[in-house]
Amino acid sequence: MAAPSATLTPVLIHLLRGASDLASVAATHAKLLKAGVAYTASSSNHLLAAYCRCGATGVARYLFDGMRGRDVVSWTTLMSGYAAAGRPSDALSLLRAMASSGVRPNAVTLSTAATGCARLADAGLGRQVHARAEVAGCARDAVVATAFVDMYGKAGAVEDARAVFDGMPAPARNVVSWGAMMSAYAQNALGNEAIHLFAELRTKFNNVSPNHFMLSSVLSACAGVARLGIGKCIHGAVFRLGYDGDDVVAVAVVDMYSKCGCYGHSRKVFDRIQRPSVIPYTSIIVAAAKYGLWRCAITLFNEMNDRGVQPNYVTLLGVMHACNHSGLVDTGLHLLRSMQSKYGIAPTPSHYTCAVDMLGRAGRLKEAFELANEAQVEGNDAAMMWNSLLSACRTHKRVDLATMAGQRMSEFNQDVAGGLVVMSNAFVSAGQTDNAAAVWSSMRRRGIRKDPGCSWIEVKDIPYVFYAGGISCAGARADEMLMLLDELEVKMRQKGYKGRLGSARVSDVEEDGGEGNEVMVGVHSEILALGFGLLVVPKGMTIRVMKNLRMCCDCHEAFKLISGIVEREFVVRDLNSLQIKDQLSEFQFGEHGKVDHHQHSHHHMKNSLSDDEEHGMNEDGTGSQTGKGKKGFAWHRMKWTDSMVKLLITAVSYTGEDPGADLGGW
DNA sequence: TTAGGGTTAG
């Protein structure tokens, strides 16, 4: 019998490397056994890797457990296999077992472990792995350090990510390291920092050329903070660098335009995608739904089905959202009831919340309560769902049910302040101002405060951020702005406007020292941003105002009136709380040093109750820290074209017509 | 020669 190992083994190993399915790996394994070389260290590691590559971690583990000479590659291979199979905990257990077996981890092992911690979003565990990398002397290895940048970013520890990035020797930072850092910012709602880093790379380190990963991350950053100007520049770079054919980049561009209020651009980019998968479809469907183009959203959904693209739960949520805002209540309900059987997707708490909101909006409160009770929803999702019902009760003036919804909500609610604001708004709508004021004074007594609302507007690529009652952001043009708002208020009154812009009362400011039942009201930040926009955005250009919370009904009305008076088109982007899991976020724009609300003094005025989230803003600037960067939003057009009016006639309601019906105006 | 880094949709 010829000695096989000298000639046969390389051939078999070559076969193993090319094998991607379990059957061919097993067949080659059998041949190695037959040749009697399956147990050499090298063959075993190849076999391990092959089994891991085709997802057979169970077989790999069995093989691993029977191996005699396990080296660092064996351990790392199995770890990597677990990580790839979505079992990061098992990967990290292996790291511990490896330590007790006396095999020392190397750079490859530790970067794999870091990726596992990233998947777990566990900064504590990640820090331990980081410490080991320091001990092993490989913490500054480009790949290892980049893995830590990503890990800290995914675990929400952006400052640690930046520290690792800064600790890397400049030549070691490559396109992946830069991209990972930008992504860390983008994923943590620090879009402006990501943009800033991108600019720094372009100006100081011209030898690193952006790739599709980096472009996607920066586009996502632009989307998150609605920086249309920069977003357009990046889109230009996408073309120049030849990434316009990349689907992932294209989705990021679609998303960026839709979040910057340019549905038309979004649609053009989407239409150029050759064979859109579920992700681009979902992106554009959600964009259409949020833009009030429900007919488009549903047409796209049907088109997607016709092309055999399977929707996922996000897609269905987007379609339900479109139904919700177009009054297609029964269509939406049917979708909820049939999604399991038709698409094999189980409804999530978000789907129930959307359906409950839909019924509540339509005034079908009994059904809404039944559905809410039927849905097995817990925690923050439940709070969100009951919250939306509470708002519906308020809209339909059903205080009896509101109390019940409020109680159910408080069982789950972590955002005590938000819940109480909605509660008090429900009382206001029902004319029970005494009860509403009691809620407010109770909040004050208990020291419960709400996050400050802010609005911003991008002028020549720079965001100008306004907080309620504060005009310092307008700089030298503040007085001019107030005069303009006063003039507008006069004209609005002639058209029957009964609310107040508030600008005239800025000088009447009183500090919040009052006792009793008065409630503080500030000048709403979106009005200030709009006033500034009217001064600085050239005539003929759409003014886009962004807000971190939900716009109130009064401001909505005011924007529409002003749009008619000045004959300009406005678009407002605000928060759609129904879509988010995280609590409201603060937006920070430290980059330009324009606003830092921690130093900003808020001015309050005494007034009667109204529908505004900004009453309860905190004077000391303590607010909740942001979670992940994904926020729900909705666009509201304030000037209607003829086709829009026609659409309205057929629609019961549409995005933004009555924001108060949604979540109590905050 | 077996093992390592990032991106898109609510």
Side-chain angles (χ1 to χ4, degrees), chain A residues 9-10 13-14 16-17 40-50 52-53 71-81 83-84 105-116 118 138 141-151 153-154 174-184 186-187 210-221 223 243 246-256 258-259 270 273 276-287 289-290 311-321 348 350-351 353-354 576 578-581 630-633:
Chain A
T9 312
I13 283 176
H14 182 78
L16 270 186
R17 293 182 65 203
T40 65
S42 168
S43 298
S44 301
N45 283 344
H46 278 288
L47 273 169
L48 256 186
C52 286
R53 263 198 306 276
D71 61 6
V72 62
V73 176
S74 325
W75 286 92
T76 309
T77 304
L78 189 59
M79 267 177 74
S80 162
N106 63 15
V108 182
T109 319
L110 292 164
S111 61
T112 307
T115 310
C138 63
D141 173 285
V143 176
V144 175
T146 303
F148 283 123
V149 169
D150 181 54
M151 180 278 293
K154 293 229 161 62
N174 58 22
V175 65
V176 186
S177 338
W178 284 90
M181 192 61 232
M182 287 172 207
S183 162
Q187 289 170 346
N211 62 11
H212 55 300
F213 285 104
M214 188 184 285
L215 292 168
S216 308
S217 297
V218 182
L219 283 163
S220 158
Y243 290 109
D246 184 295
D247 282 3
V248 174
V249 174
V251 173
V253 175
V254 167
D255 188 50
M256 181 276 292
S258 87
K259 287 185 179 159
F270 172 80
I273 300 176
S277 70
V278 59
I279 294 180
Y281 263 118
T282 304
S283 177
I284 196 72
I285 286 170
V286 169
K290 297 228 170 195
N312 62 22
Y313 74 107
V314 182
T315 324
L316 295 181
L317 195 59
V319 179
M320 281 181 67
H321 199 86
T348 69
S350 306
H351 295 98
T353 304
C354 185
N576 182 351
L578 256 191
Q579 295 295 315
I580 62 164
K581 291 201 170 74
K630 315 283 175 172
K631 300 294 165 198
F633 67 93

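Proteins get letters first, then strands, A, B, ... in listed order; numbering begins at 1 in each. Below, each value reflects all heavy atoms present in this structure, side chains not excepted, and no hydrogens, waters or symmetry copies.
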At under 4.0 Å between heavy atoms, what does [X] touch on the DNA or RNA strands: base, sugar-phosphate, or nothing?
X        : value
A:His212 : base
A:Val175 : base
A:Asp246 : nothing
A:Val254 : nothing
A:Asn312 : base
A:Ser43  : nothing
A:Asp141 : base

If you check every side-chain atom of [X], which of [options] has the closest atom?
X        : options              : answer
A:Val108 : B:dG6, B:dG4, B:dG10 : B:dG4
A:Val143 : B:dT2, B:dT7, B:dG4  : B:dG4
A:Ala107 : B:dG4, B:dG10, B:dG6 : B:dG4
A:Val73  : B:dG5, B:dA9, B:dA3  : B:dA3
A:Ala49  : B:dG10, B:dT2, B:dG4 : B:dT2
A:Thr282 : B:dG4, B:dT2, B:dA9  : B:dA9
A:Thr146 : B:dT1, B:dG5, B:dT7  : B:dG5
A:Val314 : B:dT2, B:dA9, B:dT7  : B:dA9
A:Ala142 : B:dA9, B:dT7, B:dG5  : B:dG5
A:Asn106 : B:dT8, B:dA3, B:dT2  : B:dA3

Under-4.0 Å side-chain N/O to phosphate OP1/OP2 contact, [X] with [N]:
X        : N      : result
A:Ser80  : B:dG4  : yes
A:Ser217 : B:dG6  : no
A:Lys290 : B:dA9  : no
A:Arg53  : B:dT2  : no
A:Lys259 : B:dG10 : yes
A:Arg17  : B:dT1  : no
A:Gln187 : B:dT7  : yes

Derivation and outcome, side-chain contact (heavy atoms from CB on, under 4.5 Å), residues A:Val253 and A:Val249
CA-CA 6 Å; A:Val253 175; A:Val249 174; 4.3 Å; yes

Roughly how many Å is it from [atom1] in [X] to [atom2] in [N], rounded to a whole number?
X        : N     : atom1 : atom2 : result
A:Asp150 : B:dG4 : CG    : C1'   : 12 Å
A:Asn174 : B:dT7 : CG    : P     : 14 Å
A:His46  : B:dT1 : NE2   : C1'   : 5 Å
A:Asn211 : B:dT8 : CG    : P     : 13 Å
A:Ile279 : B:dT8 : CD1   : P     : 10 Å

Suppose we call a contact any N or O donor and acceptor under 3.5 Å apart; does that hold for the side chain of A:Ser111 and the base of B:dG4?
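It does, because a donor-acceptor pair links the side chain of A:Ser111 to the base of B:dG4 below 3.5 Å.
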
Applying side chain to side chain donor-acceptor pair (under 3.5 Å) as the test, list every pair that has at least one member in residues 105-116 of chain A; sequence neighbours left out.
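The answer is A:Thr76-A:Thr109, A:Asn106-A:Thr109.
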
Who pairs with A:Thr315 by side-chain hydrogen bond (donor to acceptor under 3.5 Å, both in side chains), at least two apart in sequence or on another chain?
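By the side-chain hydrogen bond (donor to acceptor under 3.5 Å, both in side chains) rule, A:Thr315 matches A:Thr282, A:Asn312.
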
Between A:His351 and A:Thr348, a side-chain donor and acceptor under 3.5 Å
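Result is yes, a qualifying pair exists.
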
Inter-residue atom distance A:Met79.CE - A:Ser74.OG, 0.5 Å rounding
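Going from CE on A:Met79 over to OG on A:Ser74, the span is 13.0 Å.
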
How far does SG of A:Cys354 sit from CE of A:Met320, to the nearest 0.5 angstrom?
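Rounded to the nearest 0.5 Å, the SG-CE separation comes out at 4.5 Å.
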
Taking the side chain as everything from C-beta on, heavy atoms only, tell me whether A:Asp255 gets closer than 4.5 Å to A:Ser258.
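Of all side-chain heavy-atom pairs linking A:Ser258 with A:Asp255, at least one is under 4.5 Å.
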
